[in-house]
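In what follows, a structure is listed as structure tokens, so that the remarks can point back to it.
All chains are named by letter (A, B, ...) in the order of the sequence lines, taking the proteins before the strands, and each is independently numbered beginning at 1. Atom set for the values below is all heavy atoms of this structure, side chains included, hydrogens, waters and symmetry mates excluded.
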Amino acid sequence: MSLNEAVAQRLSEMSKLLELLGENQFKAIAHSRAARVVESLADSVESMDKPALVALDGIGDKIADKILEFCASASKGSPHIAEHEKMLKQVPPGLLEILDIPGLGPKTVRAMWQELKITDKVSLKKAIDSGSLLKLPRMGEKAVEKIKSGLALGEEATRRIAIGLALPMAERIADELRAIKGVQRVEIAGSLRRGRETIADIDLLVQTADAPGVAPKLRSSAKSKATTSKSKSDEPHPVIEAFCSLPDVRDVISKGPTRASVRAVINLHSGRWKGGGPDEHPKEPTMQVDVRVIPDRSFGAALMYFTGSKDHNVALRQRALAQEQTLNEYGLFPEDEEETPPQDRGISPIASKTEAEIYKALGLPYIPPELREHPADIAEFQKAGKVPKLVDLADIKCDLHAHTTDSDGRMSMRELVENALKRGFHTIAVTDHSKSSAIANGLSPERLRDQIKTIRALNKALKSEGLDIRVLAGSEVDILADGSLDFDDELLAELDIVVASPHAALSQDPATATKRLLKAISHPLVHIIGHPTGRLINRRHGLDPAMDELITAAKEHRTALEINAHWMRLDLRDVHVRAATRAGALIAIDCDDHESSDFDNLRFGISTARRGMLTPDQCVNAWPREKLLAWLKSKGR
DNA sequence: GCCGTTTTCGGCCCGACTGTTTTCAGTCG
């Protein structure tokens, strides 16, 4: 765990402890917000002083002191925050686990603790079995059943799933929804649309002509004066019913007129990394899927609302209030003193149909979903009057990191070329492993020399066939533990492209890792640093180098840092791409192809790049061939 | 605890759904 993650974890836990202690809820919210801010920082908090911390949106005087206290004590080998320790002594630690059970919040858990002396999952189970749990206010049979199934779900309920598993699942369900009668449009929202590397739940929006446009509760309360039975408008929409009975749905968590939440089965991949592997998933892993039915006229407002992020939404709503308007998932409305929401009083929205018109009405340029994370960005976009033109899938014209059957790939060189042609690439690089990667059948110097000859001949053949594609002779050369490279300079100089990557010694301490990677970045023959940290999402933390130093060196030496597009890697990660983009360093987005389907991972690399605000001019894969070749040749001279 | 195009004090986004209630608190996103 990096220092930032450790600080974020403490702050987030402090937020929960504050809630359980019944303290001011806004104080708790402030702590969890500060945790999110620290988590998404590119630089280590270690390198920041108090003014730098306080300058961050969401971190003030008090929390800055706590972060500094943590850093100072960490350097002495006993990282802690005194206030956090103090609260931990007041709250039984088992309560935090109970708080993670879906459907249980701070009020209920606090009541369990205070009234029934429940302190952990064991005493909770006892209270369920003895029936004493029912003594709590607002606690009935159904609530108890819900807690029981929540207990059975265990950690699964809170685990975040890699985007590479969640997106195909969301797309499959979206297709199934599109097949339902009356459905006009289905969109994926939430963190999937923002392209985050891991996903907690899938949000889907369905547009139908007959979706209710006003709050059902209001209508029902009006009608319930006449009758106590459920009115027709309280019944779930037919699309909601159809969704809840899809074959992959295991549990219906909630189901109302316009929305439903279910747990549905995740299909694991069978490829190189078996989708997390059996050790990390229960036998039939599930994740939560939320569906909401929306009418055409408020689709933009709903899409915006359910795309988030939460912090982005809150900031937009505050903006709306500042200009005497109110923003909800039905649209942007003029603000007044009435208690009934504007959409329920027949008031026309100022904007609601598309996201673009809502941003415009708020005096903002359109903000792409990938950039809807940090509220502080909004003011910047407004000041500039525009958002940078982010790199897009269509901008990518080459892949500079790919393997063949010569090492551990499953494609022949010809198959590699066919895949590249299919995607309209002008260039594809063959970068098989170097000799130290024995397990990946790394090439010896002799075999690499042979491969170079093969590639030269292939280029001639392709030209004579009239195919406009260039195959680059390259290597994914190991960066050894001390930062030296796995092939000597003489051999590397014969190559068109050198991708240098760390594969072993991935638990080095940060200082050693920084030195190691700096050595590779400044090597005159290295063009790209492949998967710079070697992390695997949900599986291996990888190296934790001083990223600001790496970025500075990468800019100086015009060495590109790779975004490895495989969804298990996404390395560099988004916040580091952002820092690199800001600093003006070059970025490569490569698929590290081992089989044909790996080319399809490019979209995940693109999401990460966009979240890092990468523009085409800083992305070497978006350059025309001549510019790319000139850059490759410029190194080593 | 944080924050300020009205504020250095007094606010802090807004609605759906559930399960328990006779009108709403708690949880979630």
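Among the protein residues, A:Ile29 comes within range of no part of the nucleic acid, since none of its heavy atoms lies under 4.0 Å from any strand. Contact annotation for A:Pro106: backbone-only contact, meaning every heavy-atom pair under 4.0 Å involves sugar-phosphate atoms and none involves a base. At the heavy-atom level, A:Glu141 lies under 4.0 Å from the strands shown only through sugar-phosphate atoms. Across all strands, A:Ile240 comes closer than 4.0 Å to no nucleic acid atom at all (heavy-atom distances). Counting any heavy atom pair closer than 4.0 Å across all strands shown, A:Arg292 reaches sugar-phosphate atoms only and no base atom. Within the nucleic acid shown, A:Leu104 comes within 4.0 Å of sugar-phosphate atoms alone, with no base atom in reach, counting heavy atoms only.
No side-chain donor from either of A:His312 and A:Asp377 sits under 3.5 Å from a side-chain acceptor of the other. Under 3.5 Å, the side chains of A:Gln9 and A:Glu5 contain no donor-acceptor pair of N or O atoms.
Residue whose closest nucleotide on DNA chain B sits further toward the 5' end, between A:Arg138 and A:Gly103: A:Arg138. Projected onto DNA chain B by closest heavy-atom contact, A:Ala64 and A:Gly256 fall at different nucleotides, the more 5' of which corresponds to A:Ala64.
Between the CD atom of A:Gln25 and the C1' atom of B:dG26 there is a distance of 12 Å, rounded to whole Å. Regarding A:Ile101, its CD1 atom lies at a distance of 16 Å from the C1' atom of B:dG26, rounded to whole Å. Per the geometry, CG belonging to A:Leu56 stands 9 Å off P belonging to B:dC3, to the nearest Å. Rounded to whole Å, atom P of B:dC28 lies 16 Å from atom CZ of A:Phe306. Here B:dA25 presents its C1' atom at 12 Å from CE of A:Met139, a figure rounded to the nearest Å. Atom NZ in A:Lys27 sits about 17 Å away from atom C1' in B:dC3, given to the nearest Å. As rounded to whole Å, 13 Å separates atom P of B:dC17 from atom NZ of A:Lys146. One atom, CD of A:Glu19, and another, C1' of B:dA25, lie 15 Å apart when rounded to the nearest Å.
A distance-only check finds no donor-acceptor pair linking the side chain of A:Ser44 to the backbone of A:Ser47 [under 3.5 Å]. Side-chain N or O atoms of A:Gln288 include none that pairs as donor or acceptor with a backbone N or O of A:Ser261 at under 3.5 Å. In this structure, the side chain of A:Arg611 engages the main chain of A:Arg194 through a donor-acceptor pair within 3.5 Å. Judged purely by atom type and a 3.5 angstrom limit, A:Gln323 uses its side chain to pair as donor or acceptor with the backbone of A:Ala361. With A:Arg263 contributing its side chain and A:Thr286 its backbone, the two residues share a donor-acceptor pair below 3.5 Å. Panel note: side chain A:Ser73, backbone A:Glu69; a donor-acceptor pair is recorded below 3.5 Å.
For B:dT8 and B:dC14, the P atoms lie 22 Å apart once the distance is rounded to whole Å. When the P atom is compared between B:dT21 and B:dG26, the two are found 13 Å apart, to the nearest whole Å. Nucleotides B:dT23 and B:dC28 place their P atoms 26 Å apart, quoted to the nearest Å. Comparing the C1' positions of B:dC12 and B:dC17 gives an interatomic distance of 24 Å, to the nearest angstrom. Of the C1' atoms belonging to B:dG11 and B:dT6, the separation is 12 Å, rounded to the nearest Å. For the P atom pair drawn from B:dT27 and B:dT20, the interatomic distance equals 14 Å after rounding to whole Å. Taking atom P on both B:dC13 and B:dT18, the two are 25 Å apart, rounded to the nearest angstrom.
Each of B:dG29, B:dA16, B:dT27 was ranked by its minimum atom distance to the side chain of A:Lys107; first place goes to B:dT27. Of all nucleotides listed (B:dT18, B:dG29, B:dG1), B:dT18 comes nearest to the side chain of A:Lys255. Nearest nucleotide to the A:Ile63 side chain, out of B:dA16, B:dC2, B:dC17: B:dC2. The side chain of A:Ser254 sits closest to B:dC17 out of B:dA16, B:dC17, B:dG29. Side chain of A:Asp201, nearest nucleotide from B:dG29, B:dT18, B:dG19: B:dG29.
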Between protein and nucleotides 8-13 of chain B, what N or O pairs are separated by less than 3.5 Å?
from, atom 1, to, atom 2, distance (Å)
B:dC13, O2, A:Arg317, NE, 3.4
B:dC13, O2, A:Arg317, NH1, 2.7

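Remark: A:Asp175 pairs with A:Arg178 by the salt bridge (charged side-chain N to carboxylate O under 4.0 Å, His left out) rule, at least two apart or across chains.
Of the nucleotides present, none pairs with B:dT8 by Watson-Crick or G-U wobble criteria with both distances under 3.5 Å.
Under 4.0 angstrom from either OP1 or OP2 of B:dC28 there lies no side-chain N or O belonging to A:Ser261.
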